[in-house]
Amino acid sequence: MKKLPDQIIRISIIFTALILFTIVIRVFIIPEDLKEKGIFRTSAIKQELAKEIHYAGSEICVDCHEEQYDAKHNGYHKELSCEVCHGPSYEHSEEPDDATPEAPRKRKFCPVCHTYNLSRPTGFPQINPFAHNPLEPCINCHEPHDPRPLETPKECAGCHRSIATTLAVSPHVKLECITCHNTPEDHKINPRIVRPGKPTESKFCGKCHADGSSNREAPKIDISVHGENGEKYLCWQCHYPHLPEVD
Amino acid sequence: MNIASAHEGLTKLLEQVSGFIYPNEIEVHWSILIVVYPYLTGLVAGAFILASLVKVFNVTALKPTYRLALLTALAFLLIAPLPLLLHLGHPLRSWQIFFTPNFSSAMAMFGFVYAWYLMVVLLLEIWFDYRADLVNWGQTAKFPLNWFYRILSLFSKDVSPQAIAFDNKAVKFITLLGIPSAFILHGYVGFLFGSIKANPWWSSVLIPIVFLFSAIVSGIALVMLLYMVITPSRGKPIDMKCLDKVASFLLYAAIVDFSLEILDITHRLYESEESIKIITEMVVNKLFISLVVLQLLIGMVVPLGILIATKLANFNQELRKLLYFLAAILIQIGIFSTRWNVVLGGQMFSKSFRGLISYRMEMFGQEGFLMALTLLVVPFFILALLIKLLPPWGSTETLE
C-alpha cells in the first residue's frame with residue numbers, strides 16, 4: 001500500500017482532535033436541560049414560572065368590585081378585560097391598599113380604540129375625536145363600564161361610516177339605506193342580534209333598472225340578458241351596490 | 001404599564017405606519033445587522049470564486065490576486081456569523097447553538113454550511129497553499145514568530161518536490177470542492193429568504209441565484225479594490241494585465257447579475273400577483289432611493305457602463321485604473337443596497353397587503369448603525385493582520 005502523504009496525517013490529527021473536542025463539549029459541558037427534550041431547554045419552564053406575575057385576570061375583581069363588574073358584564077364593553085383599561089393589577093388584587101391601579105380618566109385614552117379607522121370591522125362604534133364633543137373627557141357623558149349610547153344614533157352612518165361615505169360619492173347617493181335594507185329600529189340598539197335585511201336576488205335591482213321600470217333616472221338594462229344572462233351572477237357580484245360602477 | 005401610557009409610545013410608533021398593518025408588524029425585527037450578514041457572506045463567496053478561477057480554470061493572469069482573495073475570504077468569513085449572533089441577543093451564549101444543532105431548522109443550517117466552508121474549504125486550502133512558505137518562515141523568522149509559523153505548519157518539514165506537488169494537487173482538489181461550497185454558502189443565504197412562502201417580496205426561486213451572482217460581483221469588486229490599494233502602498237507597480245482581467249470577470253459577472261435582477265423584476269411585474277400593488281407602492285414610497293437610484297442606477301447601470309467603456313475605448317492605464325476603482329466602489333454601494341432592499345423591503349409592507357411600515361435605524365446599541373459599521377470595518381483589520389503574518393506575495397515562487 002502507498003504511504004499516506006505526511007500532510008494528510010497531520011491534518012487528520014487536527015480534525016480528530018476537533019471531533020473529540022466537540023464530543024467532550026457535547027457530553028460534559030452542554031447543560032443537561034438542553035439535551036433532555038431535543039432542542040427545547042426544559043429549565044425554561046421553571047424560569048418562566050419564576051417570573052413575577054403582573055396580571056390578575058378579569059374574574060378576581062368581582063370579589064371586591066361587584067358594581068363595576070355587573071355594569072360591564074352586560075354592557076357594550078363586556079368583552080374588554082378590566083386590566084385593558086386599568087393596567088396590570090395583580091398586586092392590587094392581592095393587597096388592595098398597597099397598590100391602586102390607575103383609572104384612565106383622560107380624554108385621550110378612549111380614542112385608542114374608538115378613533116375612526118377604515119380597517120375596523122363594520123359596525124364598530126367609531127368617532128372622530130376632534131369633532132365629537134371636543135375637549136370634554138369622554139367619561140363625563142359615557143359611563144366607562146357600561147357605555148350605552150346616550151341616545152340611539154339616528155344615522156346609520158354613526159356605525160357604518162365607511163359605507164355611508166362610499167355611498168355618498170356614488171351614483172346611488174340619492175338612495176337611502178333603507179331602500180335596500182329593511183332595518184328594524186332595534187338594529188340600532190342590538191345590532192348584532194337584530195339584523196337588517198339585504199337584497200337577495202337580482203330582481204331587486206331590477207325594480208329600478210329593468211327595462212320598463214317606472215324609475216325615470218336609473219339607466220335601464222335587460223335583466224334577462226345583462227350580466228351573463230342574469231342567471232349565473234347576482235348583480236352585486238359585478239357592481240358594488242354602495243358604489244356601482246360600470247367600467 | 002397600562003394602555004393609557006402605552007398609548008403614547010404606540011402613537012409615536014404609528015407615525016411610522018401607513019394604512020393597515022397587523023400588530024406584530026409594527027417593529028422591523030430584522031435590522032441592519034441582518035443586512036450586513038448576507039453582504040459579508042456574499043463577499044466571502046465572491047472572493048473565493050475569484051481565487052478559484054486561478055486554480056481550477058488556470059486563468060494565470062489573475063495569479064497576483066489569488067492569495068489576496070483567499071485571505072480576504074477568510075477575514076470576512078470570520079466576522080460573517082457575528083451579525084447573526086449579535087442580533088440573537090446573547091452572543092456569549094452562542095456556543096450552545098453550535099453544540100446543540102437543530103437539524104430540522106433552515107436557519108440552523110448556517111452553522112453546518114459555515115463550519116464546512118471554514119474548516120474544510122477555506123482553512124485547508126490556505127494551509128496547503130501556504131505550507132511550503134510556512135515551513136520556510138518557520139526556519140527564517142525570528143523568535144517567537146518562528147514558533148508561530150511552525151505551529152501553523154503543524155510542524156511539517158517536508159518541502160521536497162513530491163510534497164509540494166501533493167500540496168498543489170490538494171489545493172486544486174479543494175478548490176474544486178470549494179466552488180460548489182461557495183455556491184452553497186451564499187445560495188443558502190438566498191434560500192433562507194427565497195423559501196419564506198408567506199412573504200411575496202422574498203418568496204422566489206430566483207433569489208438564491210440572484211444572491212449568488214451579486215455575491216460574485218461584490219467579491220470580485222472587493223478584491224480588485226484591495227489589490228489596487230495594497231499594491232501601490234507596498235511600492236510595487238500594479239499588474240495591469242491582471243487588473244484588466246479582473247475587470248473583465250467583474251463585467252461578465254455584473255452582466256449576468258443585472259440580467260437576473262431585471263428578470264426577477266419583469267417576472268414579478270408580469271405575474272402581477274395580488275401583492276404587486278403594495279410592493280409597487282413600497283418601491284415607490286420607501287425604497288425608491290435605495291432600490292431604483294442606488295441599487296439599479298448607481299450600483300449597476302453606471303458601473304456596467306464604465307466597465308463596458310473601458311473595454312471598448314482605448315483608455316490609457318491611469319484612466320483605466322481610475323475608472324475601475326470608481327466602478328468597484330459603486331458596485332459595493334449597489335450590492336449593499338441590494339441586501340438592504342431585500343432584507344428590509346421584506347418587512348416594510350404588511351402581509352395584509354394594505355399598509356406600509358418604516359424602518360428607523362438605531363444609532364448606538366447592539367443592533368445599531370455603529371455596530372453594523374464596526375462589523376463592516378473589522379474584517380479589514382483582520383485582513384491587515386493576516387497579510388502581515390501570511391504575506392500573499394510569499395516565497396513560493398522562489399521555492400518553485
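Model, not experiment: these values are computed from the prediction. In what follows, chains are A, B, ... by sequence order, proteins preceding strands, each numbered from 1.
- The parts of B:Ala163 that come within reach of chain A are both its backbone and its side chain, each placing non-hydrogen atoms under 4.5 angstrom from that chain.
- Residue contact with chain B, scored on non-hydrogen atoms closer than 4.5 Å, is absent for A:Ile9.
- Shortest non-hydrogen contact noted between A:Arg10 and B:Ser156 is NE-CB, 3.2 Å.
- Within 6.0 Å of CD in A:Glu94 there are more than 12 heavy atoms belonging to other residues, nucleotides or ligands.
- With contacts defined as side-chain heavy-atom distances shorter than 4.5 Å, the pair A:Pro31/B:Gln96 qualifies.
- Interface check for chain A: of the options B:Asn102, B:Leu154, B:Thr100, the most heavy-atom pairs under 4.5 Å are formed by B:Leu154.
- In the displayed structure, B:Phe173 atom CZ is contacted under 6.0 Å by at most 12 heavy atoms of other residues, nucleotides or ligands.
- Taking both residues in full, the closest heavy atoms of B:Pro101 and A:Arg26 are given as CD-NH1, 4.1 Å, listed atom of the first, atom of the second, then distance.
- Within the 4.5 angstrom heavy-atom criterion, no atom of A:Pro101 approaches chain B.
- Heavy atoms closer than 4.5 Å to chain B are found nowhere in A:Ile13, neither backbone nor side chain.
- Interatomic distance, B:Phe155 CZ to A:Asp6 CG, rounded to the nearest 0.5 Å: 13.0 Å.
- Atom-to-atom distance recorded for A:Ile25:CD1 and B:Phe99:CZ is 4.0 Å, nearest 0.5 angstrom.
- Considering only heavy-atom pairs separated by less than 4.5 Å from chain B, the leading option among A:Ile11, A:Thr22, A:Leu34, A:Leu18 is A:Ile11.
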